[in-house]
Protein chains: 2
Amino acid sequence: MDPTPIYEDADESGSLAQQLYRALETMIIEGQLGPGDRINEKQLADQRGTSRGPVREACRRLEEAGLVEFKVNRGFFVRVLDLSDILEIYDVRAALFSQAGRILARRITMAQIDELQQLQDQMEASIEAEDAEKFYLLNRQFHSRIMRFTGNRHLADIYENLDRELHIWRKRALILDGNVRASAAEHVQIIEEFRNGHPSRLARILRDHSLAGRNRLLRTMPDSIADTENIWDDD
Amino acid sequence: MDPTPIYEDADESGSLAQQLYRALETMIIEGQLGPGDRINEKQLADQRGTSRGPVREACRRLEEAGLVEFKVNRGFFVRVLDLSDILEIYDVRAALFSQAGRILARRITMAQIDELQQLQDQMEASIEAEDAEKFYLLNRQFHSRIMRFTGNRHLADIYENLDRELHIWRKRALILDGNVRASAAEHVQIIEEFRNGHPSRLARILRDHSLAGRNRLLRTMPDSIADTENIWDDD
DNA sequence: TCAGTTTTGATTGTTGACAAACCGCGCGAT
DNA sequence: ATCGCGCGGTTTGTCAACAATCAAAACTGA
């Protein structure tokens with residue numbers, strides 16, 4: 001009757017290339033593969049009990065996604081992001097959030113606002129518990145959910161791609177300091193504004209939140225390149 | 001002495017996968033492969049004198065780029081976009097243009113403005129000559145250049161990816177009517193505003209231009225779904 | 001000792017082959 | 001006539017092997 005398997009095993013889905021894609025993605029994200037590291041096709045293939053074909057297919061996807069760089073006759077390397085990349089991504093990210101705000105002012109539901117509020121509550125709890133790891137996770141989810149709530153899949157997908165790139169960087173600077181409290185305070189404001197539903201105000205507030213995040217990250221950097229041009233001052 | 005080949009053949013660059021990627025990209029964009037068509041790996045491999053390995057690698061990249069869809073045990077299919085996809089993409093596109101405006105208000109150079117003006121002149125000439133094909137090409141270039149001028153590679157890359165997706169659709173509705181004149185008129189305004197350099201005004205004007213483009217496309221559609229929700233009314 | 005060259009082991013690039021899955025066709029039962 | 005079923009050709013999934021290329025060690029001659 002039902003030809004589909006009873007349950008979906010954790011990551012057995014379909015082709016080996018798909019599994020390897022996920023495996024590599026987490027290896028990069030978790031840091032087992034650091035920026036600049038080469039991906040050894042044979043070794044990885046043996047490790048996972050496959051041949052090199054699927055490995056290369058997975059790497060091609062990661063290449064297009066921007067997580068990995070390809071050099072002819074040299075192989076695939078985990079992409080290294082420099083400061084200018086980070087700033088670029090944050091600019092795009094801010095633009096996407098601005099747009100998300102415009103869309104959501106009209107279509108966000110009470111249930112969705114509640115979901116955000118719940119995440120926010122958990123975030124505040126994790127601040128009290130001084131659980132930086134958890135706060136970071138919830139924070140990512142908070143933003144990701146907002147993007148999904150727009151119903152615009154392209155928007156959400158592009159955002160998550162960018163977020164994944166940033167993540168490789170951000171996880172270094174995972175400290176629980178005044179920054180997270182400031183961030184949490186902005187969330188309160190955002191949720192409040194979702195209830196009001198003014199498109200341009202919401203666009204602006206989300207844009208500013210994204211920008212603030214950028215500046216917070218910059219401040220945690222070793223020899224913080226102070227006074228980077230601030231593109232955001234209007235008029 | 002010089003180990004590099006004397007000349008770079010049209011698209012010989014490096015790996016077969018790279019060549020095939022470009023080949024497939026143009027096949028899809030030129031319309032030789034229509035939406036929904038399956039990509040026959042063996043056939044394509046024989047056609048280009050390679051094996052299936054590189055073909056699959058190229059398809060994986062196209063998959064991640066969104067031009068192609070993959071179904072397990074069925075193969076790769078040229079992605080079909082429905083109306084909601086188009087609207088989604090246009091929303092994101094507008095957000096990106098808005099951001100481009102903010103960036104360029106500060107950093108666009110006179111030379112760059114001149115380049116845009118030249119493109120604009122050529123566009124007006126092609127309107128007079130009733131050369132729709134040429135206008136369309138120049139128009140894409142006009143927008144693409146704006147994005148590149150930002151200096152933000154992520155921004156420009158994401159834009160061009162989206163534009164490529166849209167292109168598959170837009171090329172159907174390639175007619176030279178009042179629309180192109182309206183579009184050209186907006187370009188004049190945009191160039192004018194580049195000279196002034198007000199970030200928020202430029203952001204708004206570029207966003208509006210993108211939105212207008214969306215509405216123009218919608219109007220050319222067969223049974224134009226009138227009155228689609230207009231997300232753009234502020235407040 | 002050192003610069004330049006050769007060798008060598010490791011790694012990528014590509015291929016052809018085989019196994020598994022799918023799709024359309026025809027056949028037979030109802 | 002219609003539905004179910006099996007069958008064969010076609011296409012995808014994966015692999016192991018071979019050729020091309022690279023990077024670093026070993027070597028050579030001053």
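Owing to the predicted nature of the structure, the values given are computational and were not obtained by experimental measurement. Convention: sequence-line order gives letters A, B, ...; per-chain numbering from 1.
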Original post:
Reckon A:I39 touches a base, only the sugar-phosphate, or nothing at all at heavy-atom distances under 4.0 Å?
Top reply: sugar-phosphate

Original post:
Do B:R56 and B:E41 sit within salt-bridge range, that is, some charged N less than 4.0 Å from a carboxylate O?
Top reply: yes

**OP:** Could you check how far CD of A:E63 sits from P of C:dG13, rounded to whole Å?
**Re:** 11 Å

**OP:** Rounded off to whole Å, could you give me the CZ-to-P distance for the B:R48 and C:dT15 pair?
**Re:** 12 Å

**OP:** Hey, could you give me the NE2/CG distance between A:H187 and A:L119, rounded to the nearest 0.5 Å?
**Re:** 10.0 Å

Subject >> Atom pair CD/CG of B:E25 and B:L33 - distance to nearest 0.5 Å >> reply: 12.5 Å

**OP:** For B:F76, report the nucleic acid contact type (base, sugar-phosphate, nothing); a contact means any heavy atom under 4.0 Å.
**Re:** nothing

**OP:** Tell me yes or no: between the side chains of A:R93 and B:Q99, is some donor less than 3.5 Å from an acceptor?
**Re:** no

Subject >> Within the 6.0 Å centroid threshold, strictly below: A:Y136 and A:H167 >> reply: yes

If you restrict it to nitrogen or oxygen atoms, what contacts under 3.5 Å exist between nucleotides 21-24 of chain D and the protein, and what is each distance?
{"residue": "D:dT21", "atom": "O3'", "partner": "A:N73", "partner atom": "ND2", "Å": "3.2"}
{"residue": "D:dA23", "atom": "OP1", "partner": "A:R74", "partner atom": "NE", "Å": "2.9"}
{"residue": "D:dA23", "atom": "OP1", "partner": "A:R74", "partner atom": "NH1", "Å": "3.4"}

Original post:
Is the shortest side-chain N to carboxylate O distance from A:E63 to B:R60 below 4.0 Å?
Top reply: no

**OP:** Provide, to the nearest angstrom, the distance between the CD atom belonging to B:E41 and the C1' atom belonging to C:dC22.
**Re:** 14 Å

Subject >> Separation of atom CG in B:L20 from atom C1' in C:dT15, rounded to whole Å >> reply: 14 Å

Subject >> Side-chain ion pair, B:R148 and B:E160, N-O less than 4.0 Å >> reply: yes

Subject >> Nucleotide C:dC22, atom P - distance to CZ of B:R38 in whole Å >> reply: 13 Å

Atom pairs under 3.5 Å, N or O on each side, protein against nucleotides 14-18 of chain D: can you list them with distances?
{"residue": "D:dT14", "atom": "OP1", "partner": "A:L16", "partner atom": "N", "Å": "3.0"}
{"residue": "D:dC15", "atom": "OP2", "partner": "A:S51", "partner atom": "N", "Å": "2.8"}
{"residue": "D:dC15", "atom": "OP2", "partner": "A:S51", "partner atom": "OG", "Å": "3.1"}

